[in-house]
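Just so you know, these numbers come straight off a predicted model, no measurement behind them.
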Amino acid sequence: MRRLRWYWGALVLACAALLAGLFVFFGSESQPGQPQPRQGPPGTGPLTVVAMGDSTVSGEGAGQYTAATNGQGGNWCHRSPNAFVGKIAAPGITAHVNLGCSGAPAEQVALGDVKQWTEASQAQQLAALVKDHRVAAVVIAVGANDEPKFSNQVNECFKAWFDPGGPACSDALKQTWQSKVDAMVPKVAKAVSDVKAVLARAGYVPADYQLILQSYAAPIGPDLPENLRSLNGCPFRSEDLRWIAQTGIGVLSSGLKAAAQQTGARFLDLAKAGVKHEACSGGANPATEWFTRLTLQLSDLAQAERAGHALQESFHPNAAGHAAIANCLTEFIAAKDGNASCLAGADGKLHAVPEVVAR
């Protein structure tokens, strides 16, 4: 009799353990009436990817700018339907919104009163957008127009080409570039944090969306045909281009990665995204290039209000470049977590290569 009692007692304990294990494995989903975790972002409206930042986001250089951002009323944000955000093909995404504005500093992406080409804070624009859109991903590219003032550096290097006997523009940059990037980092981190704050106020939690900070690609490389090292294409000295491609752009990327780490954003490194596809790299075949060469809109020179913007498109990703970046971003968003670099594969496309984390 004792043996029979022991048998039934052991059987009851085994069944109890099995049921407990099943509950742990399946969790609350197996319990009817329990609240279920929500699927995706809160609110109503289409599932949306939003791009925020400067000219590399707006589509400067990609052409076909919307009329409202092509000088109308003083707005030169130059948003293009060819910009990468419109070409991201992430599962479930049905809406693509571009808030980027050419020349935007980090403070205009952040909350506040800073405007760019008449447009208010991009974070404030995002706050209005989430009222009727469900944001699944936010991609930000900003910082180059802060202390690094990348466009100003391009102008200085352009001037150095005219004076081959004088110092290279990179001589001065070598002394100040790191400090400029260091000063930029907190401004970018503030902008990213403000974007997070806007979404939090709208009821979002971090699991609802992906927050991505991306860096910049070098638009010109040192190995270009000598006949294009001129006003016909890329008027820069080889030593300056070499420093930018091999050192300057990497330091800038490291600074942006630090801002991403400080704010919990994923980081997508574009430092080597343009290799072998830079402006002028194609020689007689510019179709292989992902960046614009020196570009002058002659028609703008005839209008006083447009003349100052006649060179604005120069040395930015073109439509093909934006399509390449979109392919990398599509893969990056699909991966859902971790950092990556955009690198060209054997198929000629840009792919999101995951960062290898040292253990």
Side-chain angles (χ1 to χ4, degrees), residues 27-28 34-54 56-58 77 84-85 88 90-101 104-116 119-143 145-146 184-215 255-268 329-330 332-340 355:
S28 61
Q34 293 294 319
Q36 300 297 310
R38 69 182 181 214
Q39 299 298 313
T44 59
L47 204 59
T48 305
V49 58
V50 181
M52 306 173 69
D54 55 30
T56 58
V57 174
S58 70
C77 285
F84 67 72
V85 65
I88 293 173
I93 298 294
T94 59
H96 306 75
V97 176
N98 191 350
L99 300 179
C101 184
E107 286 184 305
Q108 195 261 337
V109 174
L111 292 167
D113 299 325
V114 175
K115 293 185 176 182
Q116 178 65 18
E119 292 203 359
S121 155
Q122 292 180 37
Q124 291 174 354
Q125 294 180 54
L126 178 66
L129 181 74
V130 294
K131 294 177 182 179
D132 54 13
H133 286 71
R134 299 171 64 234
V135 175
V138 179
V139 183
I140 304 171
V142 75
N145 294 310
D146 290 283
M184 170 204 75
V185 172
K187 293 182 178 180
V188 174
K190 170 67 164 54
V192 177
S193 296
D194 282 0
V195 169
K196 291 175 65 176
V198 165
L199 293 172
R201 291 171 193 165
Y204 285 68
V205 298
D208 290 330
Y209 67 100
Q210 292 190 47
L211 182 62
I212 298 166
L213 180 64
Q214 70 178 39
S215 64
L256 290 167
K257 183 177 182 180
Q261 291 172 332
Q262 291 174 21
T263 55
R266 299 179 67 199
F267 179 65
L268 184 61
L329 267 166
T330 295
F332 189 60
I333 291 172
K336 295 184 179 180
D337 58 21
N339 299 333
E355 177 183 65

J.: Applying salt bridge (charged side-chain N to carboxylate O under 4.0 Å, His left out), can you list everything that pairs with Lys196, at least two apart in sequence or on another chain?
T.: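 In terms of salt bridge (charged side-chain N to carboxylate O under 4.0 Å, His left out), with neighbours along the sequence ignored, Lys196 is linked to no residue.
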
J.: Between Glu119 (side chain) and Cys77 (backbone), is there a donor-acceptor pair under 3.5 Å?
T.: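 Flag not set: sc Glu119 to bb Cys77 has no pair under 3.5 Å.
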
J.: What is the minimum heavy-atom distance between Ala202 and Pro42, and which atoms define it?
T.: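 The answer is O-CG, 4.2 Å.
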
J.: Are side-chain heavy atoms of Pro46 and His133 found at a separation under 4.5 Å?
T.: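 Answer yes - side chains close enough.
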
J.: In sequence, state the C-alpha distance, the side-chain angles, and the governing distance for Tyr204 and Val198, and then conclude on side chain to side chain contact (heavy atoms under 4.5 Å, CB included).
T.: CA-CA 9 Å; Tyr204 285 68; Val198 165; over 6 Å; no

J.: Please determine whether side chain to side chain contact (heavy atoms under 4.5 Å, CB included) holds for the pair Leu111 and Val195, giving the CA-CA distance in whole Å, both sets of side-chain angles, and the decisive distance to 0.1 Å.
T.: CA-CA 8 Å; Leu111 292 167; Val195 169; over 6 Å; no

J.: State, to 0.1 Å, how close Gly53 and Ala104 come at their nearest heavy-atom pair, and which atoms those are.
T.: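 Smallest interatomic distance, heavy atoms only, reads O-CB, 3.6 Å.
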
J.: Quick one: CG on Leu47 to CD1 on Ile93, what's the gap to the nearest 0.5 Å?
T.: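 Here the rounded value is 4.0 Å.
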
J.: With side chains defined as the heavy atoms from C-beta onward, is the minimum distance between Leu126 and Leu99 less than 4.5 Å?
T.: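 Result yes, sub-4.5 Å side-chain heavy-atom pair found.
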
J.: I need the minimum non-hydrogen distance between Gln122 and Cys101, along with the two atoms involved.
T.: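 So the minimum-distance heavy-atom pair works out to NE2-N, 3.8 Å.
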
J.: Ignoring hydrogens and geometry, is there a side-chain-to-backbone donor-acceptor pair from Gln210 to Ile333 under 3.5 Å?
T.: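 Yes, because the side chain of Gln210 sits within donor-acceptor range (under 3.5 Å) of the backbone of Ile333.
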
J.: Can you tell me how far CG of Leu213 sits from CE of Met52, rounded to the nearest 0.5 angstrom?
T.: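 Going from the CE atom of Met52 to the CG atom of Leu213 covers 11.5 Å.
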
J.: Can you name the one residue among Val50, Leu199, Thr48 that meets side chain to side chain contact (heavy atoms under 4.5 Å, CB included) with Val130?
T.: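 Answer after filtering Val50, Leu199, Thr48: Leu199.
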
J.: Can we say Arg266 and Glu355 salt-bridge, meaning some charged N sits less than 4.0 Å from an Asp/Glu carboxylate O?
T.: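 Judged by the 4.0 Å cut-off on N to carboxylate O distance, Arg266 and Glu355 do not form a salt bridge.
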
J.: If I compare all heavy atoms of Ala106 with all of Asp146, which pair ends up nearest, and what's the gap?
T.: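 Distance-wise, the nearest heavy atoms are N-OD2, 3.0 Å.
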
J.: Checking Leu256 against Met184 for the side chain to side chain contact (heavy atoms under 4.5 Å, CB included) test, could you report, in this order, the C-alpha distance in whole Å, the side-chain angles of both residues, the deciding distance, and whether it holds?
T.: CA-CA 9 Å; Leu256 290 167; Met184 170 204 75; 3.8 Å; yes

J.: Identify the two heavy atoms, one from Gly143 and one from Asp54, that lie closest to each other, and give their separation to 0.1 Å.
T.: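 Heavy atoms of Gly143 and Asp54 come nearest at N-OD2, 4.2 Å.
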
J.: Hey, does the side chain of Gln108 reach the backbone of Ala120 with a donor-acceptor pair shorter than 3.5 angstrom?
T.: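 Such a contact is found between Gln108 side chain and Ala120 backbone.
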
J.: With rounding to the nearest 0.5 Å, note down the distance linking CD in Gln214 to CZ in Phe84.
T.: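 It is 4.5 Å, given to the nearest 0.5 Å.
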
J.: For the residue pair Val185 and Ala258, what are the closest heavy atoms and their distance?
T.: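 Result for this residue pair: CG1-CB, 4.4 Å.
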
J.: Between Asp194 and Ala191, is there a donor-acceptor pair closer than 3.5 Å when you use the side chain of the first and the backbone of the second?
T.: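 No, the answer is negative, given that no donor and acceptor are paired below the 3.5 Å cut-off.
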
J.: Who are the side-chain contact (heavy atoms from CB on, under 4.5 Å) partners of Pro206, not counting sequence neighbours?
T.: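 Expected list: none.
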
J.: Go through the steps to decide whether Thr44 and Arg134 satisfy the test side chain to side chain contact (heavy atoms under 4.5 Å, CB included), and finish with yes or no.
T.: CA-CA 6 Å; Thr44 59; Arg134 299 171 64 234; 5.5 Å; no

J.: So Val97 and Val49, do their side chains get closer than 4.5 Å, heavy atoms only?
T.: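 Sidechains of Val97 and Val49: no contact.
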
J.: Kindly say whether Ala110 contributes a backbone atom to a donor-acceptor pair with the side chain of Ser121 at under 3.5 angstrom?
T.: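 The answer is yes, because a donor-acceptor pair under 3.5 Å joins these two groups.
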
J.: Nearest 0.5 Å, please: how far is CD1 in Ile212 from CG in Leu268?
T.: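 Here the interatomic distance stands at 7.0 Å.
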
J.: For the CD atom of Gln124 and the CG atom of Asp113, what is their distance to the nearest 0.5 Å?
T.: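 The CG atom of Asp113 is 7.0 Å from CD of Gln124, to the nearest 0.5 Å.
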
J.: I need the single residue from Val192, Val188, Val57, Thr56 that forms a side chain to side chain contact (heavy atoms under 4.5 Å, CB included) with Val142. Which is it?
T.: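 Among Val192, Val188, Val57, Thr56, the one meeting side chain to side chain contact (heavy atoms under 4.5 Å, CB included) with Val142 is Val188.
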
